[in-house]
*Asks:* 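Could you have a look at this structure, given as structure tokens, before my questions?
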Amino acid sequence: APQERFVIFPEEVHVSHSMRNLMNKKRFHCTINEAFPEVIASCADTDDRIDEDNAWLGPELLDTWMELHDMGHAKSVEVWEGEDLVGGLYGFVCGRAFIGDSMFSLEPSASKLALIHLARYMQAQGGGIIDCQLETPHLKSMGARYISYDEYLEYTHSIDIIPWP
């Protein structure tokens, strides 16, 4: 396990001026855990190597994620434009942590909207962390930062859990 984890605290998610404007236009709406199979399939479709043996989200892993979802351990956030799924993310929930695995965006900023919606939901439920796993400029610009592994364990091993739809 890495000694530091790259996370977003829901109350610290950065919403840029342009994102606020986009959200105020109400062109998109977000849901939680209403289209998990579609979100994970869309994430897999963005992997150009999906038919190769080394694809990161191949058929066996897709089946495993679906089993985790059926057991209530994997959740998704969806971004819709009308009836069309245009963005989203999914991950594993553990204690007071959402451990993100992948996100996709068919419209500019749709994945950012999904992350903001997730952060706001978690904040309304009492906080926690969103584990981003890998540092990217995109996630850093949204407020992600490193925490110690010991602090990380406090969230993932919490007896308090966030209620999920």
*Asks:* When hydrophobic residues are tied together by side-chain contacts of less than 4.5 Å, even through go-betweens, does Y152 share a cluster with I161?
*Replies:* no
*Asks:* Would you be so kind as to tabulate the donor-acceptor pairs closer than 3.5 Å made by side chains of residues 59-72, with sequence neighbours excluded?
*Replies:*
{"unit_1": "T64", "atom_1": "OG1", "unit_2": "E60", "atom_2": "O", "d": "3.1"}
{"unit_1": "H69", "atom_1": "ND1", "unit_2": "A74", "atom_2": "O", "d": "3.0"}

*Asks:* Taking only residues two or more places apart in sequence or in another chain, which ones pass side chain to side chain donor-acceptor pair (under 3.5 Å) with Y149?
*Replies:* none
*Asks:* Just so I know, are the side chains of F92 and T156 near enough to count as touching, which here means a heavy-atom distance under 4.5 Å?
*Replies:* no
*Asks:* Sequence neighbours excluded, which residues qualify as salt bridge (Lys or Arg N to Asp or Glu O under 4.0 Å) partners of E34?
*Replies:* none
*Asks:* Can you name the residues that form a side chain to side chain donor-acceptor pair (under 3.5 Å) with R20, not counting sequence neighbours?
*Replies:* none
*Asks:* According to the ring-ring contact (aromatic ring centres under 6.0 Å, His included) rule, which pairs have a member within residues 114-138, sequence neighbours left out?
*Replies:* Y121-W164
*Asks:* Can you list the residues that meet the side-chain contact (heavy atoms from CB on, under 4.5 Å) rule with H14, with sequence neighbours excluded?
*Replies:* S16
*Asks:* Please list, chain by chain and in numerical order, all residues satisfying side-chain contact (heavy atoms from CB on, under 4.5 Å) with A114, sequence neighbours excluded.
*Replies:* V77, V79, L89
*Asks:* Do I99 and C94 make a side-chain contact, defined as non-hydrogen atoms from C-beta onward lying under 4.5 Å apart?
*Replies:* yes
*Asks:* Look at the side chain of E4 and the backbone N and O of Y146, then say whether any donor-acceptor pair between them is shorter than 3.5 Å.
*Replies:* no
*Asks:* Would you confirm whether S76, through its side chain, and Y90, through its main-chain N or O, come within 3.5 Å as a donor-acceptor pair?
*Replies:* no
*Asks:* Identify, with sequence neighbours excluded, every residue that meets side chain to side chain donor-acceptor pair (under 3.5 Å) alongside E107.
*Replies:* R27
*Asks:* Give a yes or no answer on whether the side chain of D131 reaches the backbone of Q133 with a donor-acceptor pair at less than 3.5 Å.
*Replies:* yes
*Asks:* Would a 4.5 Å heavy-atom cut-off, applied to side chains only, mark V15 and M23 as touching?
*Replies:* yes
*Asks:* Between the side chain of S109 and the main-chain N/O of K112, is any donor-acceptor distance below 3.5 Å?
*Replies:* no
*Asks:* Partners of F9 by ring-ring contact (aromatic ring centres under 6.0 Å, His included), sequence neighbours excluded?
*Replies:* Y155
*Asks:* Can you list every salt bridge (charged side-chain N to carboxylate O under 4.0 Å, His left out) pair that touches residues 151-165, not counting sequence neighbours?
*Replies:* none
*Asks:* Do the non-hydrogen side-chain atoms of E81 and L106 ever get within less than 4.5 Å of each other?
*Replies:* no
